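So the structure is just underneath, and the comments pick up after that.
These numbers come from a predicted model, not from an experiment.
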Amino acid sequence: MRNTLLSLLLFILFTSCDKNTTVKPSPKEIWTTYESQDGLAANEVYTIFIDNNDVKWFGTEFGVSSFDDVTWHTYTTSNGLIYQKVLAITEDNNNVKWFGTPFGVSRFDGSNWVNYTTDDGLASNYVYDIAVDANNNIWFATNNGVSKFDGSIWTTYLKQSDTTLVHNHVRSINIDNNNIVWFGTEFGISSFDGANWSSYITNQGNLWNYINSIDIDSGNNIWFSTLAGAMYYDHQNWNYYSYGDGLAYNQIYGVAFENNNVWFATQRGATCYDGTTWKGYNTADGLSGNWINDVAVDKNGIVWFATIPNGVSSFFISEIE
């Protein structure tokens, strides 16, 4: 009996140490939360922007914070920011940062701040979103039309019959790979190629026409976040995704792209869609809060979520458990 047991133990030992035996590590989902005690300006986070140097910028209720994976910096009105509540962040072709607030716009070149309001030419001081086109024109989505700023001249676009914007309350803006500007309003979508306007109003219902965010993937497909779900436009066909398809909730506030995955920020958690399978994440999985205002992906494939009122969460899958 003793010899039999010894032989069995030796067999297990040599089998487990066989150099030809490969055990594939199980992937592990890793969540990290950042809040005000870590360096974030406030736990109410409205927007995320990742710049060309992979620095993360967060627009919050009480200022804007940047994070380079090591150090936090926060900027408030005492530094030069026009107002503490930051709803939109972008970077122009000269690496200058632009911040949109309910009381105007701030420009920051790393050293100096310049602020702009309706007194300078902005269509309205309430700025929801900002985008930069290929010619380094800065576009501002406001609650009273759209403004374009070329560095010297301001141009405002308003609804004029059916020939320009579909609606003046513009909540989102983005620019596709063909330098066409897309505008998401509270009553439909408009696009502008520099000469011609087009408008789109879905017959799916009014909630589908309320556009919270516009995001563009690597294939130049346009994704619209709405109060009824997400719309996807490939310049020929429209597709609609809602709670019944696999979304965590119908109110979508942003979309981001990570490899072949599409991430959705909703009012009740995050959803990941790989083209076939839907997977939801909430606080039970490690997300800091279920109300997500924005989602972004950095150069390392880490997904970042802006929540209210629970700060920021980051997520990635490690190949080693």
(message) Please confirm whether the ring centroid of Tyr116 lies under 6.0 Å from the ring centroid of Phe140.
(response) no

(message) Suppose the criterion is salt bridge (charged side-chain N to carboxylate O under 4.0 Å, His left out): which pairs have a residue in residues 113-136, not counting sequence neighbours?
(response) none

Donor + acceptor pair across side chains of [X], [Y] (<3.5 Å):
{"X": "Asn137", "Y": "Trp139", "result": "no"}
{"X": "Asp51", "Y": "Asn95", "result": "no"}
{"X": "Glu44", "Y": "Tyr46", "result": "no"}
{"X": "Thr202", "Y": "Asn209", "result": "no"}

(message) Could you see if Trp113 belongs to whatever hydrophobic cluster contains Val55? Use Ile, Leu, Val, Met, Phe, Trp, Tyr and a side-chain cutoff under 4.5 Å.
(response) yes

(request) Please determine which of Asn144, Thr118, Asn143 meets the side-chain hydrogen bond (donor to acceptor under 3.5 Å, both in side chains) test together with Ser124. (result) Asn143

Name the orientation class of the two ring planes belonging to [X] and [Y] (parallel below 30°, tilted from 30 to 60°, perpendicular beyond 60°).
{"X": "Tyr75", "Y": "Trp57", "value": "parallel"}
{"X": "Trp238", "Y": "Tyr233", "value": "parallel"}
{"X": "Trp223", "Y": "Tyr232", "value": "tilted"}
{"X": "Tyr34", "Y": "Phe67", "value": "tilted"}

(message) Suppose we screen for salt bridge (charged side-chain N to carboxylate O under 4.0 Å, His left out). Which residues come up paired with Lys56, at least two apart in sequence or across chains?
(response) Asp54, Asp69, Asp298

Checking [X] side chain against [Y] main chain: does a donor-acceptor pair fall under 3.5 Å?
{"X": "Asn94", "Y": "Val96", "value": "no"}
{"X": "Ser242", "Y": "Gly229", "value": "no"}
{"X": "Asn290", "Y": "Asn282", "value": "no"}
{"X": "Trp278", "Y": "Asp245", "value": "yes"}
{"X": "Asn259", "Y": "Asn261", "value": "no"}
{"X": "Thr164", "Y": "Leu158", "value": "yes"}

(request) Please assess Trp98 against Phe49 for the test ring pair (Phe, Tyr, Trp, His ring centres under 6.0 Å), listing each intermediate value before the final yes or no. (result) CA-CA 11 Å; Trp98 294 81; Phe49 177 75; over 10 Å; no

(request) Scan Phe305, Trp304, Phe316 and name whichever one has a ring-ring contact (aromatic ring centres under 6.0 Å, His included) with Trp31. (result) Phe305

(request) Linking directly or through intermediates, with side-chain heavy atoms under 4.5 Å: list the remaining ILVMFWY members grouped with Phe187, chain and number order. (result) Val166, Ile201

